Amino acid sequence: MNKAKRKAVIAGNWKMNKNAAEAAELISALIPEVAGADCEVVVCTPFTDLPIAVSKTAGTNIAVGAQNVHFEKSGAFTGEISAEMLTELGVQYVIIGHSERRQYFGETDVTVNKRLKAALAAGLKVILCVGESLEQRQQGVTAELVAMQTKIALGGVSAEELKHVIIAYEPIWAIGTGLTATAEQAEEVCAVIRGVIASLYSEADAETFTIQYGGSMNAKNADELLAQPDVDGGLIGGASLKAPDFAAIVRAASR
Ligand code: 13P
């Protein structure tokens, strides 16, 4: 596998943090810090921050993403946002299937697949999240579970559409806990995911497919995680809320 064939993507998942004024401030601080980055830089903000994020990042190397999207185009879906509503704003990316959505909002592998297909049809790039709980890891089912999540999420997705998908491997036990997967653990599962892509599509598709690690990634551990052969980037929660911390991870990915 040739890592040079893949673009590193460092994405911040702000989760439910930052109002519009705070978003503008964070992005202003980020722009000069990541201007020379040799990787893709994305900020995934709350829905209410998307307009300001899109206007602030215009003409910069920072792309904007949302954190969820509904699968229908319009209709009686109170509280939901369609893919077209996002693209119309200038949003380029969307996170789908984050473990917090699976855990707290009833997201299933089947609805993840529906959202993913709707997002791709509208021209969005997708960051698909997969990952196991601590209990599942202890039961030894991590590889099978992550393979299953990946297969179901990508059902009906063509090789051409796959070019607009990246996968973030996020072990649930490492999210927001300060407990990072070791570089070996991250590599092992990212390699499993790449193997699944090869089996569903082709070796060539797997070789160019970007896989991120997420879960307590920070300026200190980014270098070692990103040095792994199958880890092509990061999905960053807590450390994406401070410009210097996020920029340090972007620099690690640019080395
Ligand atoms: P933390 O970096 O805060 O652990 O969050 C990771 C995450 O869930 C990113 O989507």
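Only a predicted model underlies this, so the values are computations on that prediction, with no experimental measurement involved. Whatever order the structure lists them in is the order used to number ligands and atoms, beginning at 1.
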Of the backbone atoms (N, CA, C, O) and the side-chain heavy atoms from C-beta on, which set of Asn13 has a member under 4.0 Å from an atom of ligand 1: side chain, backbone, both, or neither?
side chain
Counting only nitrogen or oxygen atoms and a 3.5 angstrom limit, does His98 reach ligand 1?
yes
Numbered atoms and elements of ligand 1 in range of Gly215, under 4.0 angstrom, heavy atoms:
4 (O), 6 (C)
If we count only N and O atoms by modelled type, under 3.5 Å, do the side chains of Glu132 and Tyr169 hold a donor and an acceptor together?
yes
Could you list the atoms of ligand 1 found under 4.0 angstrom from a heavy atom of Ser216?
1 (P), 2 (O), 4 (O)
Relative to the heavy atoms of Gly176, which atoms of ligand 1 are at a distance of less than 4.0 Å?
1 (P), 3 (O), 4 (O)
Under 4.0 Å, counting heavy atoms only: does Ala174 come that close to any atom of ligand 1?
yes
Contacting atoms of ligand 1, where contact means under 4.0 angstrom from a heavy atom of Lys15:
5 (O), 6 (C), 7 (C), 8 (O)
Which protein non-hydrogen atom lies closest to atom 3 (O) of ligand 1, naming both residue and atom, and how far is it?
Gly238 N, 2.8 Å
Nearest protein heavy atom to atom 2 (O) of ligand 1, by residue and atom, and its distance?
Gly237 N, 2.9 Å
Does some non-hydrogen atom of Ala239 fall short of 4.0 Å from ligand 1?
no
Under 3.5 Å, is there a donor on one side chain and an acceptor on the other for His98 and Glu107?
no
Between Ser99 and Gln103, do the side chains contain a donor N or O and an acceptor N or O under 3.5 Å apart?
no
Which heavy-atom pair separates Val94 from Leu86 by the least distance, and what is that distance?
CG2-CD1, 4.4 Å
Assess the residue pair Thr45 and Lys18 against the criterion (side chain to side chain donor-acceptor pair (under 3.5 Å)); give the C-alpha distance rounded to whole Å, side-chain angles, the decisive distance to 0.1 Å, and a yes or no.
CA-CA 8 Å; Thr45 78; Lys18 306 283 176 189; over 6 Å; no
If you look at every heavy atom in Tyr213 and Ala181, which pair is closest and at what distance?
OH-N, 3.0 Å
Thr210-Asp232 side chain donor-acceptor pair, cut-off 3.5 Å:
no
Separation between CD of Glu207 and CG of Asp205, rounded to the nearest 0.5 Å:
10.0 Å
Among all protein heavy atoms, pick out the one at the shortest distance from atom 7 (C) of ligand 1; state its residue, atom name and that distance to 0.1 Å.
Glu170 OE2, 3.1 Å
